[in-house]
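FYI, side chains are in, hydrogens and waters are out, and symmetry mates aren't considered; it's all heavy atoms of this structure.
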Amino acid sequence: MEFLNLLIGTVLLRPYVFVFLAIYLTLAVWHFGAKRAALFTVVAYGIAFLSEYSSTRNGFPYGYYSYIDTTRGQELWIANVPFMDSLSYSFLSYVAYTMALFLYAPLKRNGWDICFGDTSKVRHSLKVVFSGAVLFMLMDVVIDPVAFRGDRWFLGKIYTYQEEGEYFNIPLTNFGGWVITGAAILFCFTRINRWLEGRPGFRDVGRREVPYQALLGPALYLGVLLFNLAVTFYIGEMVLGLCGTLLTLAIFGVMVMRLRRPDLLPVKTSPVIGE
């Protein structure tokens, strides 16, 4: 009963996180099927938790920081890390992965309906893994400074760094840590996924082709950024908001360029295989 109460408290304290999580799970099930969506979530959460557990003790990979346990007893914690925080890495790493696929995979267009062509040559590639890791980190450039100021909005003050950082109080080591963690999540998932593809219980089971499928993950990526930018301006951090806006516009510009040339990579005439 106590565990259930803490889980309910976790949702009530951070409802916006679980809105993003619910959207992610829907997209991931359509994209991967339920089994591999669950696998992605478990891999992302496990690696994220280990990275945070490590960094709060020895400074690797993000630098030294610690969570303030004012909500302990109100929400679920695993050791000294809020469950909600590590869980959010699952949808953040997923949308970064879909952004990387969007940039590198062949696209098929029918009007505004953009879907993936055959992604078999790129979906497990290192360029997608490491591009996804960089895109994962770029999200944190917008997210972390406003989360650090959580006492000025409904997030609340949840963590502190041992030393004041160089980028709006966030140390640059933190962003390096996000690249490392993002690469670890995507590398592990893509290696496991490649191994599973030959198993009939996993390959394409439960997948659904839906309209605009290649755009859905990138749209959620932008949605997360826009939510955090809205909060940034709401709390009056105009310079921080401007920096985040410029970064978001740059990413959006790359997306628009890709949409204007969906044939940048050759599209085969074989059946569509999303991934």
**Student:** Does the gap between the ring centers of Tyr159 and Tyr161 come in under 6.0 Å?
**Tutor:**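 Distance test on ring centres: under 6.0 Å, yes.
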**Student:** Could you check whether any side-chain heavy atom of Tyr212 comes within less than 4.5 Å of a side-chain heavy atom of Ile114, counting everything from C-beta outward?
**Tutor:**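 They are not in contact (no side-chain heavy atoms under 4.5 Å apart), so the answer is no.
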**Student:** Any side-chain heavy-atom pair from Ile170 and Phe175 closer than 4.5 angstrom?
**Tutor:**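 Sidechains of Phe175 and Ile170: in contact.
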**Student:** Can you tell me how far CG of Leu92 sits from CG of Leu135, rounded to the nearest 0.5 angstrom?
**Tutor:**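 The distance works out to 12.0 Å.
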**Student:** Whether Lys35 engages the ring of Phe40 as a cation-pi pair (distance to the six-membered ring centre under 6.0 angstrom, angle to the ring normal within 45°) should be assessed.
**Tutor:**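 Checked: cation-pi criterion not met.
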**Student:** Any chance you could measure Thr181, atom OG1, to Leu50, atom CG, to the nearest 0.5 Å?
**Tutor:**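 Answer for the OG1-CG pair, Thr181 versus Leu50, is 10.0 Å.
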**Student:** Just so I know, are the side chains of Gln74 and Thr71 near enough to count as touching, which here means a heavy-atom distance under 4.5 Å?
**Tutor:**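 The answer is yes, as the side chains (C-beta and beyond) meet within the 4.5 Å cut-off.
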**Student:** Any donor-acceptor pair under 3.5 Å linking the side chain of Trp153 with the backbone of Val146?
**Tutor:**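 Yes: the side chain of Trp153 pairs with the backbone of Val146.
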**Student:** Measuring from atom OG1 of Thr10 to atom CH2 of Trp77, what distance do you get when rounded to the nearest 0.5 angstrom?
**Tutor:**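 Those atoms lie 10.5 Å apart.
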**Student:** Phe154 and Tyr16: ring pair (Phe, Tyr, Trp, His ring centres under 6.0 Å), yes or no, with the steps?
**Tutor:** CA-CA 10 Å; Phe154 49 84; Tyr16 63 96; 5.6 Å; yes
**Student:** For Phe233 and Leu242, work out which heavy atoms get closest and say how close.
**Tutor:**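 So the two residues come closest at CZ-N, 3.9 Å.
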**Student:** Tell me if a side-chain donor or acceptor on Arg258 pairs with a main-chain N or O of Phe102 at a distance below 3.5 Å.
**Tutor:**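 Yes; judged by distance alone, with no hydrogens or angles, the pair exists.
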**Student:** Quick one: are the ring centres of Phe189 and Phe32 less than 6.0 Å apart?
**Tutor:**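 Yes, close enough.
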**Student:** Please test Tyr62 against Tyr64 for ring pair (Phe, Tyr, Trp, His ring centres under 6.0 Å), starting from the C-alpha separation and ending with a verdict.
**Tutor:** CA-CA 7 Å; Tyr62 307 107; Tyr64 284 101; over 10 Å; no
**Student:** Under 4.5 Å between any side-chain heavy atoms of Phe20 and Phe227, yes or no?
**Tutor:**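 Yes, close enough: below the 4.5 Å cut-off.
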**Student:** Give me the atom names and distance for the closest heavy-atom approach of Ser66 to Thr56.
**Tutor:**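 Shortest heavy-atom separation between Ser66 and Thr56 comes out as CA-CG2, 4.3 Å.
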**Student:** How far apart are the closest heavy atoms of Leu186 and Val129, and which atoms are they?
**Tutor:**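 Smallest heavy-atom distance, with atoms named: CD1-O, 3.6 Å.
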**Student:** Verify the distance criterion only: is there a donor paired with an acceptor across the side chains of Asn80 and Asp69 at less than 3.5 Å?
**Tutor:**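 Asn80 vs Asp69: no donor-acceptor pair found between side chains.
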**Student:** To the nearest 0.5 Å, how far apart are OG1 in Thr41 and CZ in Arg36?
**Tutor:**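 Between atom OG1 of Thr41 and atom CZ of Arg36 there are 13.0 Å.
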**Student:** Is there a side-chain contact between Val239 and Phe168 in this structure, where contact means two heavy atoms from C-beta onward sitting under 4.5 Å apart?
**Tutor:**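 Yes, their side chains come closer than 4.5 Å.
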**Student:** Just by modelled atom types, is the His31 backbone N or O under 3.5 Å from a matching donor or acceptor in the Arg208 side chain?
**Tutor:**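 No; zero donor-acceptor contacts below 3.5 Å.
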**Student:** Less than 4.0 Å between a side-chain N and a carboxylate O, is that true for Arg57 and Glu52?
**Tutor:**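 So Glu52 does not pair with Arg57 through a salt bridge.
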**Student:** I need the Ile235 CD1 to Arg152 CZ distance, nearest 0.5 Å.
**Tutor:**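 Taking CD1 in Ile235 and CZ in Arg152, the distance rounds to 4.5 Å.
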**Student:** How are the rings of Phe49 and Tyr45 set to each other: parallel, tilted or perpendicular (split at 30° and 60°)?
**Tutor:**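 Rings of Phe49 and Tyr45: parallel, as their planes differ by under 30°.
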**Student:** So which atom in Lys157 and which in Thr70 form the shortest heavy-atom distance, rounded to 0.1 Å?
**Tutor:**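 Closest pair (atom of Lys157, atom of Thr70, distance): O-OG1, 4.1 Å.
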**Student:** Is it the case that atom CZ in Phe252 sees more than 12 heavy atoms from other parts of the structure closer than 6.0 Å?
**Tutor:**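 Counting neighbours around CZ of Phe252, 12 or fewer heavy atoms of other residues, nucleotides or ligands fall under 6.0 Å, so no.
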**Student:** Do Leu138 and Val256 land in one hydrophobic cluster if side-chain heavy atoms of ILVMFWY residues count as linked below 4.5 Å?
**Tutor:**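 Hydrophobic grouping puts Leu138 with Val256.
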**Student:** Keeping to residues at least two apart or across chains, list the side chain to side chain donor-acceptor pair (under 3.5 Å) pairs with something in residues 218-233.
**Tutor:**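 Passing the test, one end in residues 218-233: no pairs.
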**Student:** Are any of the side-chain heavy atoms of Glu237 and Val231 separated by less than 4.5 Å?
**Tutor:**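 Not in contact.
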**Student:** Taking atom OH of Tyr53 as the centre, report whether more than 12 heavy atoms of other residues, nucleotides or ligands fall under 6.0 Å from it.
**Tutor:**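 Not more than 12 within 6.0 Å, no.
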**Student:** Are Phe91 and Tyr89 an aromatic pair by the rule of ring centers under 6.0 Å?
**Tutor:**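 No: the rings miss the under 6.0 Å criterion.
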**Student:** Short question: side chain of Arg109, backbone of Cys115 - any donor-acceptor pair under 3.5 Å?
**Tutor:**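 No, because the side chain of Arg109 does not come within donor-acceptor range (under 3.5 Å) of the backbone of Cys115.
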**Student:** Backbone N or O of Phe83 within a donor-acceptor pair of the Ser86 side chain at under 3.5 Å?
**Tutor:**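 Looks like no, no N/O pair under 3.5 Å.
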**Student:** Is a donor on one side and an acceptor on the other found under 3.5 Å between the side chain of Ser55 and the backbone of Ser51?
**Tutor:**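 Flag not set: sc Ser55 to bb Ser51 has no pair under 3.5 Å.
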**Student:** Tell me whether Thr26 contacts the main-chain N or O of Ala22 through its side chain, where contact means a donor paired with an acceptor under 3.5 Å.
**Tutor:**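 Checking the backbone N and O of Ala22 against the side chain of Thr26, a donor-acceptor pair under 3.5 Å is found.
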**Student:** With no hydrogens and no angle check, is any side-chain donor or acceptor of Glu75 less than 3.5 Å from a backbone partner on Gly9?
**Tutor:**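 Here the side-chain-to-backbone pair does not exist.
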**Student:** Trp30 versus Gln213: any side-chain heavy-atom pair under 4.5 Å?
**Tutor:**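 Yes, side chains in contact.
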**Student:** Which pair of heavy atoms, one from Tyr167 and one from Leu240, lies closest together, and at what distance?
**Tutor:**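 For Tyr167 and Leu240, the tightest heavy-atom pair comes out as OH-CD1, 4.3 Å.
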**Student:** If you compare all heavy atoms of Leu101 against all heavy atoms of Arg123, which two are closest, and at what distance to 0.1 Å?
**Tutor:**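 For Leu101 and Arg123, the tightest heavy-atom pair comes out as CD2-CA, 3.8 Å.
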**Student:** Do other residues, nucleotides or ligands put more than 12 heavy atoms under 6.0 Å from Glu163 CD?
**Tutor:**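 12 or below, so no.
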**Student:** Which distance, rounded to the nearest 0.5 Å, do you find between the CG of Leu216 and the CD1 of Ile23?
**Tutor:**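 The distance works out to 10.5 Å.
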**Student:** Is there a donor-acceptor pair under 3.5 Å between the side chain of Ser131 and the backbone N or O of Val128?
**Tutor:**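 No, the answer is negative, given that no donor and acceptor are paired below the 3.5 Å cut-off.
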**Student:** Measure from the side-chain N and O atoms of Ser93 to the backbone N and O of Ala44, and report whether any donor-acceptor pair falls under 3.5 Å.
**Tutor:**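 Checked: no pair found.
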